[in-house]
There are 4 protein chains.
Amino acid sequence: MRSPRTRQTRWLVRDREILEAALRLFAENGYHGTTVDDIARAANTSKGGIYFHFPSKGDLFLALLDYAAGLLFSKVDRAVRDVDDPVAKLERGLEVFVRTIASHRTLARFFLVEGFGAGPAFQARLRDVHELFIGLIKDQLEAAIRQGRIRPVDTGLISVIWFGALYQLLLRWLSTGESAPLEESYDRLVRVLAKTIDLEFD
Amino acid sequence: MRSPRTRQTRWLVRDREILEAALRLFAENGYHGTTVDDIARAANTSKGGIYFHFPSKGDLFLALLDYAAGLLFSKVDRAVRDVDDPVAKLERGLEVFVRTIASHRTLARFFLVEGFGAGPAFQARLRDVHELFIGLIKDQLEAAIRQGRIRPVDTGLISVIWFGALYQLLLRWLSTGESAPLEESYDRLVRVLAKTIDLEFD
Amino acid sequence: MRSPRTRQTRWLVRDREILEAALRLFAENGYHGTTVDDIARAANTSKGGIYFHFPSKGDLFLALLDYAAGLLFSKVDRAVRDVDDPVAKLERGLEVFVRTIASHRTLARFFLVEGFGAGPAFQARLRDVHELFIGLIKDQLEAAIRQGRIRPVDTGLISVIWFGALYQLLLRWLSTGESAPLEESYDRLVRVLAKTIDLEFD
Amino acid sequence: MRSPRTRQTRWLVRDREILEAALRLFAENGYHGTTVDDIARAANTSKGGIYFHFPSKGDLFLALLDYAAGLLFSKVDRAVRDVDDPVAKLERGLEVFVRTIASHRTLARFFLVEGFGAGPAFQARLRDVHELFIGLIKDQLEAAIRQGRIRPVDTGLISVIWFGALYQLLLRWLSTGESAPLEESYDRLVRVLAKTIDLEFD
DNA sequence: TATGAATGAGCATTCATTCAT
DNA sequence: CATGAATGAATGCTCATTCAT
């Protein structure tokens, strides 16, 4: 699995507290619905404190994108690291990705929705993060093809389709108040997606 | 094709001028990056003029969602109205949907991205619009099944996958500066999606 | 009884409709809490209609002061016109004044309270109206003295005291939601005020 | 003398500077004739500064009512605290009340007139303050009766009359540009009011 | 490092007034 | 005479950012 293109900063303890607070607030109220004061309060520090750790609200948001992507990525990476078979790796990776997002409503909202809320200036960065995950899928598909596990397919397109489908599924799950169990519809999703590479999962 | 759930307001001439101006600005600079003054200027009217036609900036945005969805929907609807075969209807509908969005960068950005940028308060409404289009796909799939044109499938899930894939494709096309021709990758997309219903398009 | 110093305009029918509507709204919501649109709607006309009859909102307010004072004054004047004895005239005049105000909550609020709400620029005019009524009291006191009905007193001061006391009584009656009957406390008031001129009313 | 019902906030230094500036401006130009910017400028601070200390213009105004009432009340209270005889207490209290108001045109205008100018929403609060002072008078009258210093009278009514008369006297003095000396007419007023309780002051 | 008072540019919204029809 | 769309100056309020302590 390719090493992430995300800036892998080592976050200090205090940074993390702020980032966690900001993550929650941004996810819940959006970028513009969250004030620096709100974040300071939630992080048990002061406005000045925030500005000591991050040069601006925008930079904090950008850092948060990296932070959140790092969280997600490392979870997936750890789960997949010692799986050898690329198809199994894909299965496992997607599963952990979905499971992680599903169990962190906050992460989900930030990653899927509110990331766009900061305005056009920040959207490119969120796309980068999305591309990172599309790339992860693509890499495994290509490995699977190289190893003859699946027939050659348009990996660039398939990875986009898979990510798009996953994204849309999660989005709906988020907006319907998470009433329906995500697990079950996820299983069905995977089975359908498998058809796009002429494979029967499970 | 189901009649739209969108509020079918009859927009007056002046309303439309304002909506068009707002559409362009919101799409380009986001909800928070666009001031009412900007809109007034772009619509060749005054701030007060905007408020004479719309009760608030937020209402204007909401009205815009309906307006944009109406534009898209009527385009698709007109193109599909006198096609009988549901599979052909689907093909044609998706094609017109993509073509329309692709030829209106502004509409695309607004519809796909900036709709979320206005903050949590507006996201529910954008989701409604997305659901409307997911519903259109679902309806045709079910008609196709009823008429025996395709095998029975999980239409609820398939329609989400298709929309998600389409969405993601358009999103990438938008963010890559529309360099690559959308048409070509769209054709490949359709062929892959067809596999999810065990069908060979074309 | 002296003829009023108030501009005794002959109000046209349409003027009156507007004035009555404005009176009600100003009394209820204050000068700044009432828009020209509100008045237009309440008077069954349009904004332009208002401006045809009155040059500005401020002028309408000023006209209203005259109109309201005229209403009050003419009521009192009619009741008192053919009373000869100045003491009886006083008694009757005050009684009608209080009764009229008490039965027109709107008139009361406008005359006693909201008249001040239009800002310093208009307060002088309201004071004029108040002075008019103080003058009415003073005139009768002086007549009574001239006719030997009461002992010579400081009429300038006494009239202010009486008006002030009456004013305060009405103010409290207004703000307590008019729960207590005004009539009864008014009777007691008069008896007390009589002492200030060494007289026993009734 | 009853302890004041007024919110006895401890105003901080900066609060006071703002309150004093606002008092002057509100008194001179009325509530609606005074902008928050005006106040900021007059208080040598910025608009944001005002909002750091007071949540809104309306709250500032309300705070000002308490502040002004507190000023007046404490002046009167201090002057009266160690006077034992209730009649002397009344005399002294009213005198200080009038003298204080008379020497602070600003306080006078705010307290007597502009308090009403802010619109219906604020009038209740001003009435409360007025009632506070009416209550002070009433308390002393009752004490005087209890101690047999004056004959039993309708203290509720008398206190309203006295306050109303005082109020009106001050109002006229204000609007006539304070040309005539208030002291002299005040002395005459007291002598007349004394008659309402069958007493000869001085 | 941390704090929080202060700043001021920015913005949505209101509303008296005008004027073409 | 009447209408109501249009204007734009005015204003209350927000909030990212700074900086003295």
Side-chain angles (χ1 to χ4, degrees), chain A residues 12 14 18 31-41 43-61 118, chain B residues 12-15 17-18 31-41 43-61, chain C residues 12 14-15 18 31-41 43-61, chain D residues 12-15 17-18 31-41 43-61:
Chain A
L12 304 175
R14 205 53 194 280
I18 294 173
Y31 181 79
H32 292 282
T34 303
T35 68
V36 176
D37 255 316
D38 291 336
I39 301 171
R41 212 170 306 121
N44 280 320
T45 180
S46 66
K47 217 179 330 199
I50 301 290
Y51 278 91
F52 181 81
H53 289 270
F54 299 92
S56 79
K57 189 188 179 188
D59 286 296
L60 170 54
F61 185 82
Chain B
L12 303 174
V13 189
R14 204 52 192 278
D15 288 340
E17 284 173 18
I18 294 174
Y31 181 80
H32 293 282
T34 304
T35 71
V36 177
D37 261 315
D38 291 338
I39 300 172
R41 212 168 307 120
N44 278 320
T45 180
S46 64
K47 216 192 307 219
I50 302 290
Y51 280 93
F52 183 81
H53 290 272
F54 299 93
S56 76
K57 188 187 178 188
D59 284 294
L60 171 53
F61 187 83
Chain C
L12 304 174
R14 203 52 193 280
D15 288 340
I18 295 173
Y31 181 79
H32 292 282
T34 303
T35 69
V36 176
D37 255 316
D38 291 337
I39 300 172
R41 211 169 307 122
N44 279 319
T45 180
S46 66
K47 214 174 337 193
I50 302 290
Y51 279 91
F52 180 80
H53 288 270
F54 299 92
S56 79
K57 189 189 180 187
D59 286 296
L60 170 54
F61 184 83
Chain D
L12 303 176
V13 190
R14 204 52 194 279
D15 288 339
E17 285 173 17
I18 295 173
Y31 181 79
H32 292 282
T34 304
T35 72
V36 177
D37 262 315
D38 291 339
I39 300 173
R41 211 169 306 121
N44 278 320
T45 181
S46 63
K47 215 195 305 221
I50 302 289
Y51 281 93
F52 183 81
H53 289 272
F54 299 92
S56 77
K57 188 189 179 187
D59 283 294
L60 171 54
F61 186 84

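Per chain, numbering begins at 1; letters A, B, ... match sequence-line order. These values consider heavy atoms only, across backbone and side chains, with no hydrogens, waters or symmetry-generated copies. Owing to the predicted nature of the structure, the values given are computational and were not obtained by experimental measurement.
For F:dC1, neither phosphate oxygen OP1 nor OP2 lies less than 4.0 angstrom from any side-chain nitrogen or oxygen of C:His53. A sub-4.0 Å separation between OP1 or OP2 of E:dA6 and a side-chain N or O of D:Arg14 is present.
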Counting only pairs under 3.5 Å, give me each side-chain donor-acceptor contact of residues 46-57 of chain B, with atom names and distances, residues two or more places apart or in other chains.
residue : atom : partner : partner atom : Å
B:Ser46 : OG   : B:Gly49 : N            : 3.2
B:Lys47 : NZ   : B:Asp37 : OD2          : 2.9
B:His53 : ND1  : B:Asp15 : OD1          : 2.8
B:Ser56 : OG   : B:Gly58 : N            : 3.3
B:Ser56 : OG   : B:Asp59 : N            : 3.1
B:Ser56 : OG   : B:Asp59 : OD2          : 2.8
B:Lys57 : NZ   : B:Tyr31 : O            : 2.9
B:Lys57 : NZ   : B:Thr34 : O            : 2.8

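B:Phe61 places its CZ atom 19 Å from the C1' atom of E:dT13, with the value rounded to the nearest Å. Computed from coordinates, the C:Leu60 CG to E:dC15 C1' distance equals 15 Å when rounded to whole Å. Between the CD1 atom of D:Ile50 and the P atom of F:dT14 there is a distance of 14 Å, given to the nearest Å. As rounded to whole Å, 13 Å separates atom P of F:dA2 from atom CG of C:Asn44. The separation between B:Phe54 atom CZ and F:dA6 atom P is 11 Å, rounded to whole Å.
Residue B:Leu60 holds its CG atom at 5.0 Å from CD1 of B:Ile39, rounded to the nearest 0.5 Å.
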Pairwise N/O distances under 3.5 Å, protein to nucleotides 9-12 of chain F:
residue : atom : partner : partner atom : Å
F:dG12  : OP1  : D:Lys57 : NZ           : 2.9
F:dG12  : OP2  : D:Val36 : N            : 3.0

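Within 4.0 Å (heavy atoms only), C:Arg41 reaches no atom of the nucleic acid at all.
Between A:Phe52 and B:Pro55, the residue anchored nearer the 5' end of DNA chain E, judged by the nucleotide with its closest heavy atom, is A:Phe52. When the nearest nucleotides of DNA chain F are assigned to C:Gly49 and D:Gly58 by heavy-atom distance, the more 5′-ward of the two goes with C:Gly49.
Between C:Thr45 and C:Arg14 the shortest side-chain heavy-atom distance falls below 4.5 Å.
Scanning both residues, B:Ile18 and B:Ala43, for their nearest heavy atoms gives CA-CB, 4.0 Å.
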Counting Watson-Crick and G-U wobble pairs with both distances under 3.5 Å, what is the dot-bracket string for DNA chain F, 5' to 3', using [ ] for crossing pairs and | for pairs to another strand?
.||||||||||||||||||||
